[in-house]
Protein chains: 2
Amino acid sequence: MVNPEKSHDWKAYEKPAVTVDMVIFAIQNNELKVLLVKRAVEPAKGSWNLPGGFVRIEESLEEAAKRVLHDKTGVENIYLEQLYTFGDPKRDSRGRVITVSYFALVNFDDVSLKSSADVSAVEFFPVKKVPPLAFDHLQILTYALKRLKWKFEYTPVAFSLLNKKFTLSELQNLYEIVFDKVFDKRNFVKKILSLDILKTEEVKKDVSHRPPMLYSLKKQIPEIIEII
Amino acid sequence: MVNPEKSHDWKAYEKPAVTVDMVIFAIQNNELKVLLVKRAVEPAKGSWNLPGGFVRIEESLEEAAKRVLHDKTGVENIYLEQLYTFGDPKRDSRGRVITVSYFALVNFDDVSLKSSADVSAVEFFPVKKVPPLAFDHLQILTYALKRLKWKFEYTPVAFSLLNKKFTLSELQNLYEIVFDKVFDKRNFVKKILSLDILKTEEVKKDVSHRPPMLYSLKKQIPEIIEII
DNA sequence: TGAATAGTGTCTTTCAGACAATATGCC
DNA sequence: GGCATATTGTCTGAAAGACACTATTCA
C-alpha cells in the first residue's frame with residue numbers, strides 16, 4: 001500500500017465520502033420532537049433517518065449543514081452546533097462514508113417542511129417515539145439528546161426555541177419538556193431572574209386569565225452560564 | 001453541477017481528503033506541554049504543526065488517531081477523545097482537506113518520541129510558548145485547551161496523567177498547572193475526598209520528610225462529576 | 001364569584017471559600 | 001532541633017431546594 005505521507009502523492013489515495021447529518025429539534029404540543037426523513041432511495045430505502053447530505057467540495061461543513069437544514073425546513077438563522085464526527089468504516093453499506101453530525105434548534109412555527117426527490121416523507125417525531133433508524137442514526141440522536149440537555153443546563157440555548165418575547169411560564173415549560181421533570185415555580189423564577197439575563201417587556205394581551213409579563217433576552221449574554 | 005443525492009451517482013462526486021490532527025498533552029517540569037512536529041515537506045515546510053495524518057480507507061477515525069499517536073510517541077492505551085472537525089475549504093493550500101481533531105493525555109514518562117520521514121523534529125512545547133503553527137492548528141490547540149480545562153473541572157480525566165498510585169499533593173499540583181492558579185490545600189483535599197472516588201493505599205516510602213499517603217481511584221467512577 | 005394562571009417569601013441545608021496550626025519523618 | 005512536607009477544622013456567606021398563599025383578569 002502506498003503511504004500518502006511518504007509518497008507525497010496523497011491525491012492518488014482513496015478518499016472517504018463526507019456527509020453532514022442533522023439532528024433538528026423543535027417543540028410542538030408540549031413535546032420535544034426531532035425531524036426525520038423517509039428514504040426513497042437505496043440503501044435502506046423506506047426506512048427513516050436523520051436528514052443529511054454530501055458535503056460539496058467548495059462548501060464548509062457548516063455551510064453544508066445550513067443547506068440541508070434550509071432545504072428540509074425552510075428555516076435560516078437558527079441555533080446550529082457541530083456535534084460529533086462518526087467514521088466507522090462499516091457504518092454505511094455504500095462504502096466509506098464519514099459523517100459530521102450537527103444539531104439544530106428551530107422554532108416549530110417557523111418551519112415549513114419540504115420534501116425532495118430522495119425522500120418520500122419528512123416529519124417531526126416525538127423523541128420518545130422515534131421509529132427504527134437506518135445506519136448509526138440512533139447513536140447520533142442519542143448523542144444529540146445528551147448534548148441538548150447539557151446545553152440547556154449550562155448555556156442560554158433554550159431561548160432559541162422561544163419567541164423573542166416570552167413568559168417565564170413558557171420558559172419553565174420548555175425546561176420541563178427537555179428534562180422531563182417538573183420544577184418548582186418559585187425556585188425556577190428566582191434562579192432565572194437572578195442570572196440577570198432577562199429584561200421585562202410589556203404585559204401580554206388577550207389572555208383569558210391574569211396576563212403574564214413578557215420578557216426578552218438582554219443584549220450581552222455570556223455563552224456559558226449555569227441556568228439550572 | 002451534478003447533485004449527488006439526486007443522481008445517485010455519488011461515487012463520481014469529488015471527495016475531500018480527511019485527516020486526523022492530534023493535540024497531545026503531557027506534564028513535564030511542572031508545565032503543561034503539547035507535542036508538535038516540524039514539517040519536512042511542503043506545504044508549510046519547516047514550520048511547526050500538530051502531528052496528524054490521513055485517515056486510511058479501511059480504518060476508523062479513532063484507529064487513525066491512535067496510529068498517529070503511537071507512531072509519534074510510542075504510547076498506547078491513553079486517554080483519547082475526539083475534539084472537533086474543521087472543514088473550511090481553504091484551510092489547507094493543497095486542496096480540500098477536512099480534519100478531525102483529537103486530544104490525548106499522556107504520561108510524560110511513558111513517551112519516547114519518534115520521528116518519521118515527513119517530519120524533521122518532534123518536540124513537546126510548553127503551551128504558553130508554542131511557536132507559530134501552520135494551517136489552522138493554533139485554532140485547534142486553543143479549542144483543545146478549553147476542552148482540557150472543562151474536562152479537568154467536570155470529569156476525572158486528571159487521573160490519566162498520574163501514576164496509578166498518587167499523592168494528593170501530586171493531584172493538586174496537576175490542577176494548579178492546568179488552571180494556572182493555586183488552590184487552598186485544605187479546601188482542595190476536602191473537596192476531592194468528599195467526592196468519594198479515591199481509596200487509600202499504603203504510605204509512600206523513601207521520602208526525606210513526612211511521608212504522604214498514596215491514593216488510587218476506586219473502580220466505579222462516574223464519567224461526569226464536578227471536581228473543582 | 002369561579003376558573004385559570006401569574007406572582008411572590010421564608011426557612012433549612014449544603015457547599016464554596018477564607019483562613020493557620022500541628023504532625024511526622026529525615027538529617 | 002531544624003527542615004520539608006503532610007494533615008487537619010472552623011467560620012462565614014451564598015445558593016439550592018422545600019414549601020403555599022395571594023393577585024389578576026375574564027367569563
Side-chain angles (χ1 to χ4, degrees), chain A residues 27 29-30 149-150 152-156 158 162-163 165-216 222 224-228, chain B residues 29-30 149-150 152-155 158 162-163 165-216 222 224-228:
Chain A
I27 303 286
N29 293 338
N30 274 354
K149 288 183 184 177
W150 189 88
F152 263 68
E153 199 162 350
Y154 295 108
T155 80
L162 296 172
N163 295 319
K165 297 178 183 179
F166 51 86
T167 69
L168 294 181
S169 291
E170 286 165 352
L171 182 63
Q172 180 171 348
N173 191 243
L174 185 51
Y175 270 88
E176 292 182 341
I177 291 168
V178 169
F179 287 101
D180 197 20
K181 70 176 192 183
V182 296
F183 294 96
D184 181 87
K185 209 195 312 186
R186 290 157 295 188
N187 292 338
F188 186 86
V189 169
K190 196 195 332 178
K191 185 68 205 293
I192 296 292
L193 293 181
S194 75
L195 297 176
D196 195 34
I197 59 175
L198 300 186
K199 60 177 191 285
T200 57
E201 299 283 340
E202 73 278 7
V203 168
K204 193 170 181 178
K205 300 281 186 194
D206 301 320
V207 288
S208 70
H209 51 76
R210 175 172 176 176
M213 179 67 75
L214 288 168
Y215 289 83
S216 66
I224 303 281
I225 178 172
E226 200 166 316
I227 309 245
I228 293 294
Chain B
N29 293 336
N30 274 354
K149 287 183 184 176
W150 189 87
F152 263 68
E153 200 161 350
Y154 295 109
T155 79
L162 296 172
N163 296 320
K165 295 178 184 178
F166 51 86
T167 69
L168 294 180
S169 290
E170 286 165 353
L171 181 63
Q172 179 170 350
N173 191 244
L174 186 51
Y175 271 90
E176 292 182 341
I177 291 167
V178 169
F179 289 99
D180 197 20
K181 70 176 192 184
V182 296
F183 294 95
D184 180 88
K185 211 191 313 184
R186 288 158 295 188
N187 293 337
F188 185 86
V189 169
K190 195 192 338 177
K191 185 69 204 297
I192 296 291
L193 293 182
S194 76
L195 298 176
D196 195 33
I197 59 174
L198 300 186
K199 60 177 191 285
T200 56
E201 300 282 340
E202 73 278 7
V203 168
K204 193 170 181 178
K205 299 283 186 193
D206 302 319
V207 287
S208 70
H209 52 76
R210 175 172 176 176
M213 179 67 74
L214 288 167
Y215 289 83
S216 66
I224 304 282
I225 180 171
E226 200 166 316
I227 309 246
I228 292 296

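Proteins come first, then strands; the chains are lettered A, B, ... in the order of their sequence lines, and each starts at number 1.
When heavy atoms are screened at a 4.0 angstrom cut-off, A:S169 is found touching the sugar-phosphate backbone but no base atom.
Residues B:L171 and B:Y215 form no side-chain contact, since every pair of their non-hydrogen atoms from C-beta on lies 4.5 Å or further apart. Looking at heavy atoms from C-beta onward, B:F188 lies out of side-chain contact with B:L168 at the 4.5 angstrom threshold. Counting heavy atoms from C-beta outward, A:T155 and A:I227 have side chains that stay 4.5 Å or more apart.
Shown here for A:E202 and A:M213, the closest heavy-atom pair between the two residues is O-SD, 3.9 Å. In terms of heavy atoms, A:P222 sits closest to A:P156 at O-CG, 3.5 Å. Taking each heavy atom of A:L162 and A:F166 in turn, the nearest pair found is CD1-CG, 3.9 Å. A pairwise comparison of heavy atoms in B:E201 and B:S216 identifies OE2-OG, 2.6 Å as the closest pair. The two residues A:P211 and A:V203 make their nearest non-hydrogen contact at CB-CG1, 3.5 Å. The two residues B:P212 and B:T167 come nearest to each other via the heavy atoms CG-CG2, 3.6 Å.
One atom, CD of B:E226, and another, P of D:dA15, lie 14 Å apart when rounded to the nearest Å. Regarding A:F183, its CZ atom lies at a distance of 13 Å from the P atom of D:dA16, rounded to whole Å. Here D:dG17 presents its P atom at 13 Å from CD1 of A:I192, a figure rounded to the nearest Å. For the pair B:M213 CE and D:dT8 C1', the computed distance is 13 Å after rounding to whole Å. Atom NZ of A:K205 and atom P of D:dT24 are 15 Å apart (whole Å). At whole-Å resolution of the value, CZ in B:F188 and C1' in C:dG17 are 15 Å apart. Between B:L171 atom CG and D:dT7 atom P there is a gap of 13 Å when expressed in whole angstrom units. A:L193 has its CG atom 8 Å from the P atom of C:dT8, to the nearest Å.
Note on ring orientation: taking the six-membered ring where Trp is involved, the planes of A:F179 and A:Y175 are parallel (angle under 30°, cut-offs 30° and 60°).
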N/O-N/O pairs, protein side and nucleotides 23-27 of chain C side, under 3.5 Å:
| residue | atom | partner | partner atom | Å |
| --- | --- | --- | --- | --- |
| C:dA23 | N3 | B:R210 | NH1 | 2.9 |
| C:dT24 | O4' | B:R210 | NE | 3.4 |

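Of the residues in residues 194-202 of chain A, not one places a heavy atom less than 4.0 Å from an atom of DNA chain C.
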Margin query: Please evaluate residues A:L214 and A:T200 with respect to the criterion side chain to side chain contact (heavy atoms under 4.5 Å, CB included), reporting the C-alpha separation (whole Å), side-chain torsions for both, the decisive distance (0.1 Å), and the verdict.
Written below: CA-CA 6 Å; A:L214 288 168; A:T200 57; over 6 Å; no

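Ranking D:dT8, D:dA6, C:dA6 by closeness to the B:P212 side chain, first place goes to D:dA6.
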Item checked: Under 4.0 Å protein heavy-atom contact, by nucleotide of nucleotides 10-15 of chain C - B base, S sugar-phosphate only -> B-----

